[in-house]
Structures are given as C-alpha cells and as structure tokens.
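Written below as structure tokens is the structure these notes are about.
Because the structure is predicted, anything quoted here is derived from the model rather than measured.
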2 protein chains.
Amino acid sequence: MAVIRGLRRRRRAAASGDEPARPRRPRRRIRLENDQRKAQLLALGQQAFSERTYDEVSIDDIARAAGISKGLLYHYFPTKRDLYLAGLRATAADLIERTTAAASPELPPLDRMRAGLDAYLDHVSRQARPFVALMRGGIGSDPEVVGVIEGVRATYVERFLDNAEGTPLAGLALANRPLLRIAVRGWIGFVEAASLEWLSRKDVERTTLRDLLVDALLASLRLGAAAGPAPS
Amino acid sequence: MAVIRGLRRRRRAAASGDEPARPRRPRRRIRLENDQRKAQLLALGQQAFSERTYDEVSIDDIARAAGISKGLLYHYFPTKRDLYLAGLRATAADLIERTTAAASPELPPLDRMRAGLDAYLDHVSRQARPFVALMRGGIGSDPEVVGVIEGVRATYVERFLDNAEGTPLAGLALANRPLLRIAVRGWIGFVEAASLEWLSRKDVERTTLRDLLVDALLASLRLGAAAGPAPS
DNA sequence: GATCCGTATTGACCTGAAGTCAATAGCTGA
DNA sequence: TCAGCTATTGACTTCAGGTCAATACGGATC
C-alpha cells in the first residue's frame with residue numbers, strides 16, 4: 001500500500017503539476033511517559049481484542065485509536081502477538097487473583113470451592129465476549145497463548161487437588177494417580193463447557209450452576225480415586 | 001494499473017542485463033479430472049494442516065506439493081479457509097460415522113455408550129496431532145470452524161440424551177431441562193479435556209479411561225436431572 | 001492425421017497488513 | 001537558551017493470500 005502510494009504521488013507530481021506538493025505540516029507530537037504509553041496501548045489492545053477477532057484487529061487500528069503511528073506501537077510491543085499476549089496475561093492474572101482471594105483458606109472446603117467458583121463465574125459473566133472468543137479458539141494454536149490458558153488450568157488443577165484434602169477424599173495421595181489427574185483435568189473442561197453453555201442462554205441461576213459444578217467436582221474426584229468400571 | 005505493470009517490467013529488464021532472459025520452457029502441464037484434482041488437493045490439505053499450524057501452512061506449499069500452480073488451487077478452493085474447512089468437515093463426518101456405526105442401537109444402553117466412546121477414543125488416538133491442534137485453538141475463532149466443531153458436539157449431546165432413555169433416568173423429559181443440557185454439554189467438555197490429558201501421557205489404559213467417561217456421563221445426567229445443591 | 005474446442009492450468013500481478021529503521025521533534029535539566 | 005535524551009514519525013520492505021487474462025492439454029470430429 002505504502003509503495004503504491006509513493007508511486008502514485010510521484011506519478012501525479014510528474015504528470016499533473018496542478019497539486020503543488022503541499023508541505024504537509026506534521027501534526028503536533030504528544031509525548032507520554034514510557035509507562036503511561038505502554039499502559040494505554042495495553043488497555044486499547046485488550047479492548048480491541050475483546051470486541052473483534054485477533055485478525056480482524058489490525059495494528060493500524062490500534063495505533064489510530066491511540067493517536068500514534070504504527071512504528072511507535074512496535075516500539076512498545078515487538079509484534080502484534082506480544083500485544084495480544086500481554087493483554088491475555090493480564091486478564092489471566094486477574095482471574096487467578098480474584099478466585100484466589102475469594103477462596104479463603106479459612107473457609108470449610110466446600111465453601112471454599114463454592115466461593116472460588118462464584119468468583120470464576122462472576123469473572124466469566126463480566127468478560128463474556130472475550131471469554132467466549134478465547135475458548136472458541138482465540139488466536140490460532142499459538143504455543144504461548146495455549147501456554148497461558150493451560151497455566152490457568154494447571155493452577156486450578158493443583159488448587160482443587162489440594163482443596164480436596166479436606167473432603168472425605170483426604171489422604172489418598174491424590175496428585176500422583178494418573179486417573180485422578182485425568183478426572184480433575186476433565187472436570188476443568190466440564191466447567192469451561194458448562195460456562196459457555198450457560199452464557200449462551202442464562203436460563204439457570206448462577207448458584208444452581210455453581211452447585212452443579214461443585215457436585216461434578218466431587219463426583220470426578222470420587223471416580224478418579226476409585227479405579228473400578230461402571231456397574232453393568 | 002497498466003502503467004505500474006509496465007514500469008515494473010521495464011525496470012527489471014533494464015536493471016538486470018546479466019541474466020539472459022532464458023526462454024523459460026514451461027513445464028509440461030498434467031491435466032487431471034476435476035474430481036481427482038479436488039480429492040488430491042483435499043488430501044494434501046488435510047495432511048499439511050495436521051502436521052503444521054493453519055498459518056504455518058501456506059497455499060504455495062500445498063500447490064507445490066501437488067505440483068500445480070497456486071492459481072489452480074484457487075480454482076478448486078476459493079480461499080485457504082475453504083480448503084481447511086473441507087478437510088475438517090470430512091474428518092468430522094468420519095468421526096460421527098465411525099462412532100455411530102460402533103454404537104449399535106441393538107446393544108444395551110451402557111454397552112452402546114462404551115462402544116461409542118471406544119470408537120471416539122480410537123479416532124482420537126489415531127488422529128492425535130490434528131485433534132490436539134484443533135482443540136487447542138485450531139484456526140483462530142473462525143465462525144465456520146466453530147460451527148463444525150459445535151455441530152459434532154451437538155450431535156453427541158442429542159445422542160447421549162436419547163441413549164439415556166434406556167437408563168435409570170428414562171422418562172424425565174430430559175432435553176428440555178436447562179440444567180441437564182448444561183450438564184451434558186459440560187460432560188462433552190469433560191471428554192475432550194480428559195482425552196487431551198490422556199493423549200499427553202498415555203499412562204492409563206484406554207478401557208479405564210472409557211469407563212471413567214461412562215461413569216462421568218451417568219453422574220452428569222444424575223446431577224443435571226436432580227436440581228438440588230450439594231450437601232454441606 | 002489434422003484441427004477444433006472446452007476447460008484445466010498457468011504465472012505475473014494486485015492487495016493489504018505485519019514489521020523495520022533512519023530521521024525528527026518534544027521535553028528536561030543545566 | 002541550548003544540548004541531549006528518547007519518544008515519535010512515516011516512508012519503506014516483506015510476505016502471503018487472492019485475481020485474472022492468456023495458454024495449452026487432450027478428447028472429439030472430420
């Protein structure tokens with residue numbers, strides 16, 4: 001595009017002397033502190049990526065929204081993916097922090113689970129659009145993006161395995177049993193899928209869903225701890 | 001436009017006089033029947049997309065692998081996404097067909113579930129790489145890609161709701177209960193997540209995993225049908 | 001065997017967005 | 001007032017997806 005523009009301008013200037021190549025007063029530059037600018041761009045990126053798909057958002061869009069040149073954006077974030085990842089990481093950290101804060105260790109185990117899941121569903125409700133977009137594929141199979149999401153999941157796997165110590169399942173050497181690990185990991189998938197379904201309809205109370213998720217976790221732990229097949 | 005084309009050609013000719021503009025005998029064209037060529041490209045696309053990421057695969061790569069020009073590829077598949085989608089649809093149809101064939105209606109309900117899940121896990125094992133890639137994000141939040149995957153899930157939701165009619169849960173007007181729908185949808189997420197975890201370690205027998213999934217389905221149906229919260 | 005013709009096939013080209021970099025100008029401190 | 005640091009610019013490059021008028025293959029016709 002820029003190449004073509006250049007060509008066009010030269011051609012026009014040569015062919016038709018009617019446009020006097022106006023000196024193009026450059027608009028006044030506005031300098032921001034390094035941190036301010038970075039925070040601004042991060043926020044604008046988060047907003048853009050939560051409203052549109054990764055590749056529907058162009059770097060030029062964000063630069064325009066910030067009132068700066070594309071080159072400056074690349075000064076702060078070396079690639080488009082980095083900008084996306086920075087926003088994703090911030091959101092992930094926020095999610096972990098909120099759920100951690102809610103699930104106080106002083107609560108009885110079941111209440112901890114409930115409180116944690118309430119915080120999770122709360123976050124998911126408020127961030128519905130970007131959450132759905134992310135879970136539906138986000139950016140295409142990028143290793144680092146997958147890494148962030150898997151990191152959140154792994155955090156929860158550990159947390160719920162630990163938390164289970166206070167339940168009737170305590171003392172089972174939980175984390176080392178392969179089947180149990182699969183069951184808990186499966187339950188995380190259950191939570192995400194159930195959340196997406198819930199968001200798409202909202203025809204169930206949040207507390208009802210939360211209780212379903214708690215029950216499903218208890219059932220998963222039970223099934224993962226017992227090795228037996230289903231009764232025929 | 002014509003002007004630009006002319007410019008480029010002239011510039012090249014003028015700049016590089018060292019290359020004697022070899023007459024470039026065009027390689028012999030090989031004509032294939034319309035259907036043959038399309039099938040070939042589809043197969044090559046499936047292979048490429050199963051080995052590499054969506055945007056790691058370039059159209060030129062596939063065209064080169066087929067020994068044809070890029071233009072021809074676009075004659076058969078209007079966009080890169082279309083080629084990807086065609087392969088995905090074929091795989092999805094294959095999965096549905098295999099699981100449907102395995103889960104014969106003549107089997108008792110629990111055996112049907114087992115057989116269906118066996119077929120599912122079998123497919124997932126053989127297609128491990130592309131399956132993981134797809135579930136980890138595939139192509140970035142493309143509506144049609146999501147549509148194909150959601151279509152498969154919806155098929156299974158209906159199937160297992162139907163199949164449940166033969167179990168102790170029969171006669172509950174299953175499909176219309178929002179919470180039950182969420183529970184079954186959640187279970188699908190459980191299956192996918194558990195399958196991914198299983199594929200990454202393979203430290204559990206397939207039959208063990210299958211039985212876990214069956215038990216999880218039964219538990220999900222039970223929880224989704226009963227509205228009550230967990231006992232505190 | 002010559003030639004005609006539908007259509008499979010080509011490759012040069014366009015386009016648009018990501019990413020680069022040398023030059024420029026706003027601010028701060030002396 | 002001026003110097004210097006660095007935030008900022010925008011023209012440029014690169015690259016992959018996508019277009020299209022021209023071409024040539026191969027079966028049908030004589």
Side-chain angles (χ1 to χ4, degrees), chain A residues 1-10 13 21 23-41 45 48 52-64 66-84 139-140 142, chain B residues 1-13 21-41 45 48 52-64 66-85 139-140 142:
Chain A
M1 183 152 68
V3 178
I4 290 171
R5 210 192 298 166
L7 278 176
R8 284 224 188 106
R9 204 172 277 155
R10 243 173 288 139
R24 181 169 61 323
R25 160 114 65 98
R27 74 154 174 285
R28 180 169 179 70
R29 296 182 180 182
I30 295 167
R31 273 172 94 108
L32 284 193
E33 206 73 8
N34 196 301
D35 288 349
Q36 288 177 46
R37 186 63 87 190
K38 188 154 192 171
Q40 175 205 26
L41 294 176
R52 281 167 293 157
T53 309
Y54 178 76
D55 31 38
E56 276 169 5
V57 172
S58 86
I59 285 294
D60 296 86
D61 289 344
I62 297 177
R64 206 174 308 121
I68 62 170
S69 71
K70 181 164 61 170
L72 184 57
L73 203 160
Y74 277 96
H75 176 71
Y76 288 97
F77 296 93
T79 71
K80 183 182 178 184
R81 262 185 58 236
D82 282 287
L83 176 59
Y84 178 84
I139 181 180
D142 181 292
Chain B
M1 191 199 300
V3 179
I4 290 174
R5 206 191 297 173
L7 275 177
R8 282 232 185 106
R9 206 173 277 157
R10 242 173 289 139
R11 219 189 310 153
R12 246 212 278 161
R22 62 177 118 140
R24 182 173 40 346
R25 159 116 65 99
R27 75 156 172 286
R28 180 167 180 74
R29 295 182 179 183
I30 296 168
R31 275 170 92 109
L32 284 194
E33 206 74 7
N34 196 299
D35 289 349
Q36 288 176 44
R37 185 63 86 190
K38 188 154 192 171
Q40 176 205 25
L41 294 177
R52 282 166 292 156
T53 309
Y54 179 76
D55 32 38
E56 276 170 3
V57 173
S58 85
I59 285 292
D60 296 86
D61 289 344
I62 297 177
R64 206 175 306 123
I68 62 170
S69 71
K70 180 164 63 170
L72 184 56
L73 203 158
Y74 277 97
H75 176 70
Y76 289 97
F77 297 93
T79 71
K80 182 183 179 184
R81 261 184 60 236
D82 282 286
L83 176 60
Y84 178 84
L85 269 168
I139 180 179
D142 181 291

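For A/K70, the salt bridge (charged side-chain N to carboxylate O under 4.0 Å, His left out) partners at least two apart in sequence or on another chain are A/D60. A search for side-chain hydrogen bond (donor to acceptor under 3.5 Å, both in side chains) contacts involving B/D82 returns B/T79, not counting sequence neighbours. Partners of B/R81 by side-chain hydrogen bond (donor to acceptor under 3.5 Å, both in side chains), not counting sequence neighbours, listed by chain and number: B/D142, B/E144. Residues passing the ring pair (Phe, Tyr, Trp, His ring centres under 6.0 Å) test with B/Y54 are B/F49, B/Y84, sequence neighbours excluded.
Note: CD1 (B/I62) to P (D/dG18) measures 12 Å, nearest angstrom. In this entry the distance linking CG of B/L72 with C1' of D/dC25 reads 13 Å, nearest Å. The distance from atom CD of A/Q40 to atom P of D/dA7 is 14 Å, rounded to the nearest whole Å. For the pair A/F77 CZ and C/dT20 P, the computed distance is 15 Å after rounding to whole Å. Look at CG on B/L73: it is 14 Å from C1' on D/dA16, rounded to the nearest Å. Here the P atom of nucleotide C/dG11 and the CZ atom of B/R64 are 13 Å apart, to the nearest Å. Taking atom NE2 of B/H75 as the reference point, atom P of C/dG6 lies 16 Å away to the nearest angstrom. What separates CZ of B/R37 from C1' of D/dC25 is a distance of 12 Å, to the nearest Å.
Checking C/dT9, D/dT8, C/dA18 against the side-chain heavy atoms of A/K80 singles out C/dA18 as nearest.
Looking only at side-chain heavy atoms (C-beta outward), B/I68 and B/L41 come within less than 4.5 Å of each other. Considering only heavy atoms from C-beta on, B/H75 comes within 4.5 Å of B/L72 through its side chain. Contact check for B/F77 versus B/L85: no side-chain heavy atoms found under the 4.5 Å cut-off.
A salt bridge links A/R64 with A/D61: at least one charged nitrogen is closer than 4.0 Å to a carboxylate oxygen.
Under 4.0 angstrom from either OP1 or OP2 of C/dT9 there lies no side-chain N or O belonging to B/Y74. Look at B/N34 and you'll find a side-chain N or O under 4.0 angstrom from OP1 or OP2 of C/dA8.
Within a 6.0 Å radius of CD in B/E33, other residues, nucleotides and ligands contribute 12 heavy atoms or fewer.
Near-neighbour residues of DNA chain C inside residues 54-61 of chain A, defined by a heavy atom below 4.0 Å, number-ordered: A/V57, A/S58, A/I59, A/D60.
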What N/O pairs connect the protein and nucleotides 27-30 of chain C at under 3.5 Å? Give each pair on its own line.
| unit_1 | atom_1 | unit_2 | atom_2 | d |
| --- | --- | --- | --- | --- |
| C/dC27 | OP2 | A/R28 | NH2 | 3.1 |

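Across all strands, A/Y76 comes closer than 4.0 Å only to sugar-phosphate atoms, never to a base (heavy-atom distances).
A donor-acceptor contact under 3.5 Å links the side chain of B/K70 to the base of D/dG18.
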